[in-house]
Amino acid sequence: KAFDDDGKLKQPKQLSINKVGHALHEKDPVFKSFSSSEKMTSLLFSLGYKRPVGIQSMYIFKQPGIGGEVVPHQDNSFLYTNPTTCTGLWLALEDATILNGCLWAIPRSHKDGLVRRFIRDETGVHFDKPSPPYDQKDFVPIEEKAGSLVVIHGDLIHQSFENKSSTSRHAYSLHVVDTDGCKWAEDNW
């Protein structure tokens, strides 16, 4: 929704960006420092990680009026290890509300296991199975104040809706896997 019918931006470029990623934790000193900080490392060790590695990071802008929807998904679908070890760390850089596109999740859905995988093969990238139907009434909002960190199990089904408000909802997302006792899937995207 950043573009008009003629393909021109409807607002300034800096208000049109959806996200920047996927290696901020490796490429930018500020994100690298935060992502590998003692607090983050301690958190991951407390979750049982032996050798955590940041695998993907994104700055998500969720711009006013146009910040896009993120469909229901599980992070393990995209960042698969055997056994599964992906954890999402989602830092609210601004208040996240229902109006500006906060996260929503199905409570306890991580206990049901991985639904499908996003794989790479000779035909390109695709899901190995269609998305199951989700009932929106099963999702609960995760409204957070700026500075709050949400820890997301890799099998938790979560989503976010379009930002229909006049305020942005910036967030930093880091996905981590364990490299001890598990194998990175060669067909990950």
Side-chain angles (χ1 to χ4, degrees), residues 1-37 39-41 43-44 54-79 86-107 109-110 118 125 131 134-177 189:
K1 295 192 176 178
F3 297 97
D4 63 21
D5 292 338
D6 296 326
K8 300 209 186 309
L9 288 175
K10 294 193 269 186
Q11 61 281 318
K13 230 187 293 191
Q14 66 270 21
L15 295 177
S16 302
I17 300 169
N18 178 36
K19 69 181 167 185
V20 174
H22 286 141
L24 294 172
H25 66 287
E26 291 181 0
K27 303 291 185 185
D28 184 277
V30 172
F31 292 103
K32 185 175 193 167
S33 174
F34 172 80
S35 301
S36 59
S37 70
K39 282 185 177 182
M40 293 299 265
T41 305
L43 170 65
L44 292 164
I55 222 68
Q56 172 180 277
S57 57
M58 299 170 274
Y59 190 104
I60 304 164
F61 292 88
K62 204 63 109 154
Q63 303 286 10
I66 63 166
E69 171 186 25
V70 177
V71 299
H73 68 281
Q74 297 169 297
D75 294 335
N76 275 329
S77 293
F78 303 94
L79 304 167
C86 183
T87 296
L89 303 167
W90 189 91
L91 178 66
L93 299 173
E94 298 178 321
D95 291 351
T97 67
I98 290 172
L99 290 177
N100 72 2
C102 69
L103 293 172
W104 291 70
I106 300 177
S109 60
H110 67 287
F118 190 67
V125 291
S131 177
Y134 294 108
D135 190 334
Q136 290 301 313
K137 76 176 185 332
D138 294 336
F139 287 86
V140 298
I142 305 172
E143 293 186 287
E144 296 295 336
K145 291 286 186 195
S148 300
L149 181 71
V150 179
V151 179
I152 302 171
H153 188 285
D155 283 345
L156 184 75
I157 298 167
H158 60 288
Q159 66 181 354
S160 66
F161 295 106
E162 186 177 335
N163 181 356
K164 295 184 178 181
S165 78
S166 60
T167 34
S168 59
R169 192 228 66 193
H170 292 203
Y172 175 62
S173 176
L174 173 68
H175 292 96
V176 179
V177 298
W189 70 284

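For the single chain, residues carry numbers from 1 onward in sequence order. The structure displayed is predicted, hence computed values, not measured ones. Atom set for the values below is all heavy atoms of this structure, side chains included, hydrogens, waters and symmetry mates excluded.
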Determine whether [X] and [Y] make a side-chain contact, defined as any pair of heavy atoms from C-beta on separated by less than 4.5 Å.
X: I60; Y: Y172; result: no
X: C86; Y: V177; result: yes
X: L174; Y: I55; result: no
X: I142; Y: W90; result: no
X: V151; Y: L43; result: yes
X: F161; Y: Q136; result: yes

Considering all heavy atoms, the nearest [X]-[Y] contact:
X: I106; Y: L156; answer: O-CD1, 3.4 Å
X: L91; Y: G147; answer: CD1-O, 3.7 Å
X: L99; Y: N163; answer: O-OD1, 3.6 Å
X: T97; Y: E143; answer: CA-OE2, 3.4 Å
X: A105; Y: P107; answer: O-CD, 3.3 Å
X: Y134; Y: F139; answer: CB-CE1, 3.9 Å

Problem set entry | N/O donor-acceptor pair under 3.5 Å between D95 side chain and R169 backbone | no
Exercise. Is the side chain of S35 donor-acceptor paired with the backbone N or O of K32 at a distance under 3.5 Å, no angle test?
Worked result: no
Problem set entry | side chain to side chain donor-acceptor pair (under 3.5 Å) assessment of T167 paired with E94 | CA-CA 9 Å; T167 34; E94 298 178 321; over 6 Å; no
If you measure from [atom1] on [X] to [atom2] on [Y], what distance do you get to the nearest 0.5 Å?
X: K164; Y: N100; atom1: NZ; atom2: CG; answer: 13.0 Å
X: S131; Y: Q74; atom1: OG; atom2: CD; answer: 9.5 Å
X: I157; Y: W104; atom1: CD1; atom2: CH2; answer: 15.5 Å
X: I66; Y: L9; atom1: CD1; atom2: CG; answer: 8.0 Å
X: S165; Y: I98; atom1: OG; atom2: CD1; answer: 12.0 Å
X: L79; Y: F118; atom1: CG; atom2: CZ; answer: 11.0 Å

Exercise. Given the rule in the side chain to side chain contact (heavy atoms under 4.5 Å, CB included) test, do S33 and F31 qualify, once you have shown the distances and angles that lead to the verdict?
Worked result: CA-CA 5 Å; S33 174; F31 292 103; over 6 Å; no
Exercise. For M40 and L149, what are the C-alpha separation, side-chain angles and deciding distance, and is it a side chain to side chain contact (heavy atoms under 4.5 Å, CB included)?
Worked result: CA-CA 10 Å; M40 293 299 265; L149 181 71; 4.3 Å; yes
Exercise. H73 and Q159: side chain to side chain contact (heavy atoms under 4.5 Å, CB included), yes or no, with the steps?
Worked result: CA-CA 7 Å; H73 68 281; Q159 66 181 354; 5.5 Å; no
For this session: In plain terms, say whether K10 and D4 are close enough for a salt bridge, that is, a side-chain N and a carboxylate O under 4.0 Å apart.
Result: no
Exercise. Can we say D6 and K8 salt-bridge, meaning some charged N sits less than 4.0 Å from an Asp/Glu carboxylate O?
Worked result: no
Problem set entry | Pairs touching residues 61-70 that satisfy side-chain hydrogen bond (donor to acceptor under 3.5 Å, both in side chains), sequence neighbours left out | K62-S160
Exercise. For V150 and L89, what are the C-alpha separation, side-chain angles and deciding distance, and is it a side chain to side chain contact (heavy atoms under 4.5 Å, CB included)?
Worked result: CA-CA 6 Å; V150 179; L89 303 167; over 6 Å; no
Contacts under 3.5 angstrom, residues 17-25 side chains, donor-acceptor by atom type, not counting sequence neighbours:
unit_1: H25; atom_1: ND1; unit_2: S57; atom_2: OG; d: 2.7
unit_1: H25; atom_1: NE2; unit_2: G54; atom_2: O; d: 3.0

